[in-house]
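This report refers to the structure that appears directly beneath it.
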Amino acid sequence: MTSIGFERGKTPYTNRDALLDDYTPDELVGRDDELEEYQQLLNPVIWGDQPSNIFLYGKAGVGKTAATKFMLRTLEQDAQEYDDLDLATLHINCDGLESSYQVAVRIVNSLREPSQQISESGYSKAEVYARMWEEFDNNAGITLLVLDEVDHVRKDDSILYQLSRARENDNLETARIGVIGISNDMTFRDRLSAKVKSSLCERELSFSDYDATELRQVLEQRREVAFKDESVNDDVIPLCAAYAAQETGDAREALDYLLVAGDLARDANQRTVTVDHVKEAKSTVERQTISKGLADRGEQSQYVAYAVATLDAEGRTPVRTTDVYERYERLVDRTGERILSTRWVREHLDSLAMLGIISADEINEGAGGGQYKEYELDQAIDVVVDALRDTIDYVGVHESIKKHY
DNA sequence: TATCCACTGGAATATGTGGTCG
DNA sequence: CGACCACATATTCCAGTGGATA
């Protein structure tokens, strides 16, 4: 019998929370230009004036959300100096909210007591909007509304227009709102209808990518808070920064490497984080990202991924859609699960490509061959197979996968 | 330069779910 | 309860697409 027990050993941390996503540091490093411009845009608010609607754009993990939280927190604090200034801020993350309706429901619920929440369907659109305006009027004189990841709202943009033109359209009795839209999809702005674009994007603020130096600054700042002195080797932070700069320039990713490396050290009962921990962390993070991405997408998507994986194992990638579908059909047939149409499988292939698990290439062979897409695995096959383990157990191990299983 | 291939991807539509309201 | 409402999931339909080829 193994003896089980919990015990605290050695740790490199003093405050691990400082490495987590929702931690907002007191100072924001490496974003001086952006912050200065941001402050100018928000300056009217301190005078009680209606702020312009602001649109922030820049790649994922370049500090858009962090800068916004930081600015609004500062603004709220400073606003307390002035008795005649009735200011509130509201941060809505639009991830998972596809339609204007859902955004409106989320806004209403964020402004209401937990006991007064409304459900996500059942009302007419007009009804939800009416309640939303009511809540804004009750909420504060000026509400700064942050719509984070606003590009996820893709079905219709009516809410964006309504919000950004709320006062002109007499939707509000007394309140005023300023909309701050945040997007990391550069094409989103261009896809907006002209009238929404001109109102939502009155002012624009672009965030540039972090370069390796700035990434190191960010990591260094968190290290001071999160770790004990001398518990992080010198090469660790440059390596995290280099890995992240190599991939995307995403600060969140860089911090994730540092966090996982720290956890590895702690789990191994070591006081010091080393380069080896970072290297191991990198592969751990990659695996996590993929299996989480796949798990979120449901089983049909996993069958599709598995189909591509088996073809890859046979050396048949890049492989065109039709062949993927054939393989997918054969696999799913064994499970007794329903077989989706080609159209829907193509949808899944698209989303897998979005996740970075597979990559797509457009091929055009002209009169003889026509135009089609080819897919291949974008990740090491054992990583993908690992993430698909549950699905594979269910489908049965394909011949070509055996050596990885 | 017109044609043509083999898909692509948008749109309309169908089906089922979970919700409100009178 | 029945009339509505919005959503997710999936299917069917079909007008493009654009480079190689004659």
Side-chain angles (χ1 to χ4, degrees), chain A residues 92-135 149-163 185 187-188 190-193 293-305 307-308 311 316-329 331-333 335-355 358-376 391:
Chain A
I92 303 281
N93 191 321
C94 302
D95 186 24
L97 308 178
E98 295 226 306
S99 66
S100 290
Y101 184 89
Q102 289 169 317
V103 176
V105 169
R106 180 66 61 86
I107 291 173
V108 171
N109 283 338
S110 306
L111 291 173
R112 284 193 174 185
E113 299 292 316
S115 59
Q116 310 254 339
Q117 304 276 303
I118 60 175
S119 74
E120 286 164 17
S121 69
Y123 305 99
S124 70
K125 196 175 205 164
E127 174 77 9
V128 177
Y129 278 24
R131 292 185 189 202
M132 182 178 71
W133 302 129
E134 199 179 299
E135 293 303 326
E149 305 196 56
V150 65
D151 48 308
H152 287 77
V153 185
R154 45 154 82 141
K155 291 229 169 105
D156 67 291
D157 54 15
S158 82
I159 185 100
L160 303 178
Y161 181 70
Q162 292 290 331
L163 285 170
D185 178 357
T187 65
F188 174 73
D190 303 325
R191 287 204 309 269
L192 292 171
S193 61
L294 279 170
D296 287 350
R297 258 146 237 250
E299 57 181 12
Q300 285 290 350
S301 197
Q302 303 193 15
Y303 296 145
V304 177
V308 179
L311 290 161
R316 288 179 56 194
T317 50
V319 60
R320 60 163 68 191
T321 317
T322 323
D323 299 335
V324 176
Y325 187 70
E326 222 171 81
R327 173 61 51 88
Y328 158 84
E329 260 185 312
L331 291 172
V332 178
D333 197 40
T335 70
E337 200 82 0
R338 62 189 302 198
I339 296 172
L340 300 180
S341 63
T342 49
R343 184 65 187 81
W344 195 246
V345 168
R346 287 200 326 257
E347 211 70 28
H348 282 308
L349 284 168
D350 276 352
S351 75
L352 288 172
M354 224 58 123
L355 269 174
I358 62 177
S359 60
D361 215 3
E362 261 174 62
I363 310 285
N364 194 332
E365 288 185 41
Q371 199 177 54
Y372 55 91
K373 278 188 164 183
E374 279 187 344
Y375 298 92
E376 62 188 320
T391 311

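Convention: sequence-line order gives letters A, B, ...; per-chain numbering from 1.
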So A:Q102, base contact, sugar-phosphate only, or nothing? Heavy-atom distance under 4.0 Å.
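Counting heavy atoms under 4.0 Å across all strands, the contact made by A:Q102 is with sugar-phosphate only.
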Students often get this wrong, so: under 4.0 angstrom with heavy atoms, is A:R131 touching a base, only sugar-phosphate, or nothing?
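Here A:R131 touches the backbone only, sparing every base.
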For nucleotides 17-22 of chain C, just jot down a letter per nucleotide in 5' to 3' order: B, S or -, based on protein non-hydrogen atoms under 4.0 Å.
BBBB--
Identify the two heavy atoms, one from A:S100 and one from A:D157, that lie closest to each other, and give their separation to 0.1 Å.
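Looking at all heavy atoms of both residues, the shortest contact is OG-C, 3.9 Å.
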How about A:Q302 and A:T391: does a side-chain donor come under 3.5 Å of a side-chain acceptor?
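Indeed, the side chains of A:Q302 and A:T391 share at least one donor-acceptor pair under 3.5 Å.
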With distance as the sole criterion, is a donor-acceptor pair present between the side chains of A:E120 and A:Y101 under 3.5 Å?
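Their side chains do not contain a donor-acceptor pair, so the 3.5 Å distance test is not met.
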Does a side-chain N or O from [X] land closer than 4.0 Å to OP1 or OP2 of [N], or not?
X      : N      : result
A:S341 : C:dT11 : yes
A:T322 : B:dC7  : yes
A:T321 : B:dT8  : yes
A:S99  : C:dC7  : yes

Could you check which of [options] has an atom nearest any side-chain atom of [X]?
X      : options               : value
A:Y101 : C:dA6, B:dA11, C:dA10 : C:dA6
A:K373 : B:dC7, B:dG19, B:dG9  : B:dG9
A:W344 : C:dA6, B:dG9, C:dT11  : C:dT11
A:L340 : C:dA10, B:dC7, C:dA6  : C:dA10

CG of A:N364 to CD of A:E362: how many Å apart, nearest 0.5 Å?
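Rounded to the nearest 0.5 Å, the CG-CD separation comes out at 8.5 Å.
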Quick one: CG on A:L311 to OG1 on A:T317, what's the gap to the nearest 0.5 Å?
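Going from the CG atom of A:L311 to the OG1 atom of A:T317 covers 8.0 Å.
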Whole angstroms only, please: what is the [atom1]-[atom2] distance between [X] and [N]?
X      : N      : atom1 : atom2 : value
A:Y129 : C:dA6  : OH    : C1'   : 13 Å
A:N109 : B:dG19 : CG    : P     : 13 Å
A:R346 : B:dA6  : CZ    : C1'   : 11 Å
A:E120 : C:dC4  : CD    : P     : 24 Å
A:E326 : B:dC7  : CD    : C1'   : 15 Å
A:E347 : B:dT8  : CD    : P     : 12 Å
A:L97  : C:dA8  : CG    : C1'   : 15 Å
A:L349 : B:dG9  : CG    : C1'   : 13 Å

With each end axis built from five pairs of C1' atoms, what bend angle do you get for the helix from B:dT1-C:dA22 to B:dG22-C:dC1? Round to 10°.
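Answer rounded to 10°: the end axes differ by 30°.
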Does a side-chain heavy-atom distance below 4.5 Å link A:E365 with A:Q371?
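No, every pair of side-chain atoms sits at 4.5 Å or beyond.
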Do A:K373 and A:D350 sit within salt-bridge range, that is, some charged N less than 4.0 Å from a carboxylate O?
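Looking at A:K373 and A:D350, the cut-off is met.
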Does this structure show an ion pair linking A:E347 with A:R343, if we count only N-O contacts that are shorter than 4.0 Å?
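Result for this pair is yes, salt bridge flagged.
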Among A:D333, A:D323, A:T342, A:I339, whose side-chain contact (heavy atoms from CB on, under 4.5 Å) with A:Y328 holds?
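Looking at A:D333, A:D323, A:T342, A:I339, the match for A:Y328 under the side-chain contact (heavy atoms from CB on, under 4.5 Å) is A:I339.
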Is it the case that atom CZ in A:R327 sees more than 12 heavy atoms from other parts of the structure closer than 6.0 Å?
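Correct, the count exceeds 12.
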